[in-house]
Structures are given as structure tokens and as C-alpha cells.
There are 2 protein chains.
Amino acid sequence: MDFLKNIQLVGKMIFGAGSFDRLGDILAEKRSDSFMVFLVDDFFKGRELANRVPARKQDQVLFVNVDIEPKTAIVDDLRDRMLQVSGQAPDGVIGIGGGSVMDYAKAVSVMLTNPGPSSRYQGLNLAKNASVYHVGIPTLSGTGAEVSTTAVLTGPEKKLGIKGDFTPFHQILLDPELIYDVPRNQWFYTGMDSYIHNIESLTGHYANTLGNSLARQSLELCRDVFANGNPTDIASNEKLMVASLMGGLSLSFSEVGACHAFSYGLSFVLGTRHGVANCIAFNQLEEYYPEGVAEFKAMVSRLGIDIPAGVTAGLSESQMEKMIDTTLALEHMWRHALGQGWKELISRGKLREIYQRM
Amino acid sequence: MDFLKNIQLVGKMIFGAGSFDRLGDILAEKRSDSFMVFLVDDFFKGRELANRVPARKQDQVLFVNVDIEPKTAIVDDLRDRMLQVSGQAPDGVIGIGGGSVMDYAKAVSVMLTNPGPSSRYQGLNLAKNASVYHVGIPTLSGTGAEVSTTAVLTGPEKKLGIKGDFTPFHQILLDPELIYDVPRNQWFYTGMDSYIHNIESLTGHYANTLGNSLARQSLELCRDVFANGNPTDIASNEKLMVASLMGGLSLSFSEVGACHAFSYGLSFVLGTRHGVANCIAFNQLEEYYPEGVAEFKAMVSRLGIDIPAGVTAGLSESQMEKMIDTTLALEHMWRHALGQGWKELISRGKLREIYQRM
């Protein structure tokens, strides 16, 4: 019965080109006499989108750097800076950026109303107080962070999400015109997060008709862009945006699998960004996802993408051990990927051997 | 820009066989010292499911008859009966049944906190106060009422939904084991609501990548059941349940079209139940949906379904005029189906001619 998950969905959703122009009106309904905080990827500093943010005089616009994976310490710092403004929580937190900014916005909204360090809340439903109103506005597609119930964070001890009913956004705004140009490799890594979500969702032991239906449609959209379509086509942004949403929603009712278990190890020990870490891991997982990995390699080749190799070559023994520990701790992912008897099917030696190929 | 809709989604969702056994725990979190009301399709009176309802001593279990389309007067009556119990609103309203019960549960939850007759709230965002916590548990699949932002009601003057942010369920529970056997014709009519939603969503002027993606996957599931699969297969229940959900969600970001405009006229004037009214109408709409109607007819033939004919034969002139008025008033459906210039493309005479074929 533990595959029956009661999932908190996002509150409201607006979709379509031009919807960003509605943001001011949407927020107006949620304002009291306090302020709002816009958390914006610092990529947009000085760019047009930053000027279009409908901030009022009392609001804060905080640019966040996402060169490194979201950290619990940064969440705590952002929370403290917001509380210092007037001694009370803001009326809302609006995240504008990729998956990392989504994670920051979700995590900070929970931490504004729950005391102590955010590392204490890494896990399922550990926060007791409702989060502050928060809005997610993705500018990159693939992670599914805009609909997920998790704010994935790396803390001092682990990479694990603040997961629960208070995490999902109260509002998401999906405007394909906001998707910004990034280098081809990064675009692929982020989009591929969605492709991998779908493969993991569809092939595991928790697979079900709802999760599968969402994943199948998301997969079709991914293929439209990466396998068959013209990725520079304007319609591709829209397709990837919907693929990300449906893939993320699919996962809520299913689970990620072996690729994410390996990828978390890479990110925790080496700080590898999530999208590329997934690609590095998936590239070596034919054994678990034979068809998916074959199609992945064909897309990599078709689009001329570079998948980093040799990233674990210089690891110390203790780093490798830590990586294996991180991976093994993600029991829910392994249980989904391999079933209840997963511990019989993998070993530290096997994980090490796979990591060494990355 | 009026196609950019900011849609309130359902709150939480649990999916899977056996999830009904979780209902008691789910409700426990929402109970204060008040009571809860279970609105149950009276089909279940004396049947096993009625005994499985996790009602506590203080709760009400009200069986509702849905032989006729949901009426505003019945909503008002249900509301008054609930308020009489203790002079205050219940902690929650739980609807267990088909689309009509879903509509009653949604409408009553809004009317428990908004004064006056429910006919006053037929329209968009007319209710000002947040609704009572309400839960939707479908026992028939197709209508999409479990996810829609509308509680469709027939009032003294019109058939039109109480539509808005307070209408959607706070929780839906989708347990395919609850789908009960109904006569083959009725099962088809209800399921076909989803098929028609998808065709209308995909072909209209508000069509967009999000709505289309949901509709396409829903359509595939409908075809799995009605066009290719074995409808008595146990998996069919699950597929139709997901098809209903995705079709309903697709509509939220798109719109129904000409078939629903005609169908509402039939229901308002003749009291025809929604599912069969859609089938009667769709059967005559080759002009607007050539491929969809051809496939519909093939499914009808394959499954040996009876589509009533001659239902408008005995109409008085004033009834026919009223039917045409009802259809023409649904401007948003026509705008989606035919575009901004819809008024140039249809006439009272044309609508009459189509109605006369039904």
C-alpha cells in the first residue's frame, strides 16, 4: 500500500505566451501591508526580464546565484535577510529562474514559518507550519521543480528535499516567452531531466496508469524536440515546458529511480549540477534502462552534445565511499527501480564499478 | 489575451486501487469539533460501499438522487439541511458518485459560506467567500467533474456552472475499485463525455500545447477502451479514470465547443442527462468535428450502443426557441469552436435544423 501517495498539487496555474504580464494582478490579490520578495536568477541581472518584474516600492528583488546546487545554508541566509526587513514574513516569495531558483523559492517559503535551520527539514512532512504564499515562474524547462512537492537541497549531511504538503507553489506561471537562451549543452542537460524522469517513472515498480499516462505524453513531447524536431523551433520551448510539467507530475505519483540515485551521489560529492549529473549517470545505465539509454545516446549524437567523461577519475577513496553512501541512502529510488528486494540486486562493489565508468 | 486562464487546480490527489481505505485518515486531519457530510449517490443505498463510508457518529450521510440533472433548488435544500444540524457549516463535504454528485458536492460547499440562492452564483467567480473543505470521490468516469472548476447546475433561468477558484475540490480520491457496473449504454455515454471533451479541446480556437497534450493522452486512453480494447477488462476502469481526469484538466486550459452548446440546450429543455445529451448532439455534428464524429460512430457500432433518436420530434415551437436561446447564450463555447466571428457562421435557422435531426 505504500505506493498510494496523497499528493499536494500546485494551487493555481496560468499557461501561455504573455502570461508574465499578468503577474502584477495575480500578486495584487495576495498583498496585505507587507512586502513581497522576488528571487531572480542572477543571469537576469541587467537584462530585460529583471525590468519587467512587477515589484512595488516596498518589495525586495534578490538575485541568486545558481552556479552551485541549492544549499541549506543559503536558504537559511535568504530567510534571515527577508525576516530582517520588517521583522515579519513577506506576503509572498516569487521565484523566477530554473530548477534551482524554484527550489530556493519553495524552501525559503517553508523556512519563513518554521524555526531553525533548513537542514532539519530535509525529509518528508517535517515542517509543521503552512508556508508563505509562493509563486514559481520557470525560465528553463525540464526539472519539473515547478510542480514537485520537493525543494531539493544539499545540506551538511545529505542531498535531500524538503518534501511535503507545504512545499508546492501556490501559483505557477508558465510563459514560454521567458525561456531564455542558454548554451546548447546546458539546454540539453536540463531538458533531459524530464526525459529521464519519464523513463524512470515508467519503468519502476510503482508505475501506475496515472503516472504512466503523464510520462508517456511528456516523453512524446521530449522526443518531438530532442529526437525528431527542430530544437531551435519556437514551439520547442512550449513543448519542453509542458513536458517538464507532465514529467514532474508523473513523478509525484511514481518515483525517480537508479539514475537519480547515482546523480545525487555525483552532486553531493563533486557538486555537479543536477542536469549534467543525470546525463553523466544515465549514459552508463544501459543495464537498468536499455531502451532509454539507447535513445538518449542517439539524441546526444544527433544534437552533438558533450557528456562529460572521467569525472570520477580523481576521486579519493573516502570520496568514493561517500558517493556510494549517498546513493545507497536513497532507498525509495532503489525500491522503485528494482523492487522490494533491491538490496540483493546491488552491492557497494557494483555501484563503485558503475561510478568508475562515469 | 482572454485565452490566458489562471486555473485553480484541485488541492490534493490520491490515486490507486485501495485508496478509499485511506479516506478516514485523510478526513481526520480536517476535523474540528463539527461534523462532516457524505453526499452519496442513492444507487449505493444498502450496498457495500455505503457501509465502507468512514462516517463518525456526528456525521451526516445524505443519499442524493441523480436521475435528473443537478438543480439549483436541490443545492439550496441540501445546504439548508446541513446548516440546520448545528447552526454552523460542516467541517467538510464528501461527494461519492458520478459527475452529478461531484457537482452537488462542489456547489453545496460554495453555498455553505455564501448567502442566498445558488442560482445567483451561476457564472464566473461570483462567490466571495472561500468554500467549505470538500472531497470528490468519483464512482463513474468521464465527466472530468472531479478536476473541473465548475459545478454545473440547472437553475430556473439557465444551465450554467458555479465556476471559480472556490469550486474545485480540496481533495480528490481516485480508486478504480469504486467504479461500479452500470448498464453498457450509460457507461458509454459517461465515458464518451471525456472523448468529446478531448475532441472539442483539441479542435477549437483556444487550443494550446498544454491543453492539447492532456487531451491527446486522454484520447489515447479513451481509444484503448472504446475503439481497440476490451471494455470489460479491469484495466479499462483505471484507464477511463485517468482519461476523465486528463480530459477535464485539458478543458480547464481550453474550452468545450459546439457539442456542449447543443447538449446544454437538450438538457435544459428536455432534462436529458448530460452524457447521453452529448452523444445525441455529437452524432449530428460531422460538420464541425468530421474525424471525431466518424470515430464516435465506429465506436458506437463496435460496442452496440443505442444513441436515442427523434428526441426533438415532439417539441413545441416555444421549446425549440428556448433550446436555441440556451445554445446561443453559451458564447464562450462558440467562440472556442468557431472563432471570434462565430456569430456570422451560425444562425437560429441552422441550429434549428441541426436540433431537428437529433
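Chain naming here is simple, since letters A, B, ... match the order of the sequence lines and numbering starts at 1 in each.
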Inset, instruction - Measure distances from A:N212 to the heavy atoms of chain B and classify the residue's part below 4.5 Å as side chain, backbone, both or neither. - result: neither

Legend entry - Spacing of CG belonging to B:L221 relative to CZ belonging to A:R216, to within rounding of 0.5 Å: 7.0 Å

Inset, instruction - Could you verify whether a donor N or O on one side chain and an acceptor N or O on the other, from B:E238 and A:N208, lie under 3.5 Å apart? - result: no

Inset, instruction - Could you tell me which portion of A:M246 (side chain, backbone, both or neither) has an atom closer than 4.5 angstrom to a non-hydrogen atom of chain B? - result: side chain

Inset, instruction - Between chain B and each of A:L174, A:N6, A:V10, count heavy-atom pairs under 4.5 Å; write down the option with the most. - result: A:N6

Legend entry - Selection from B:G16, B:S213, B:S252 maximising heavy-atom pairs under 4.5 Å formed with chain A: B:S213

Legend entry - Heavy-atom pairs under 4.5 Å with chain B, option from A:M241, A:K239, A:Q171 with the top count: A:Q171

Legend entry - Spacing of CG belonging to B:L173 relative to CG belonging to A:L4, to within rounding of 0.5 Å: 9.0 Å

Inset, instruction - First locate atom CE of A:M13, then atom CG of B:L210, and finally report the distance between them rounded to the nearest 0.5 Å. - result: 5.0 Å

Inset, instruction - Please round to the nearest 0.5 Å and tell me the distance separating atom NZ of B:K5 and atom NZ of A:K12. - result: 12.5 Å

Inset, instruction - Taking the side chain as every heavy atom from C-beta outward, state whether B:I7 and A:F15 have any pair of such atoms under 4.5 Å apart. - result: no

Inset, instruction - Pick one of side chain, backbone, both or neither for A:L245, based on which atoms fall under 4.5 Å of a heavy atom in chain B. - result: side chain

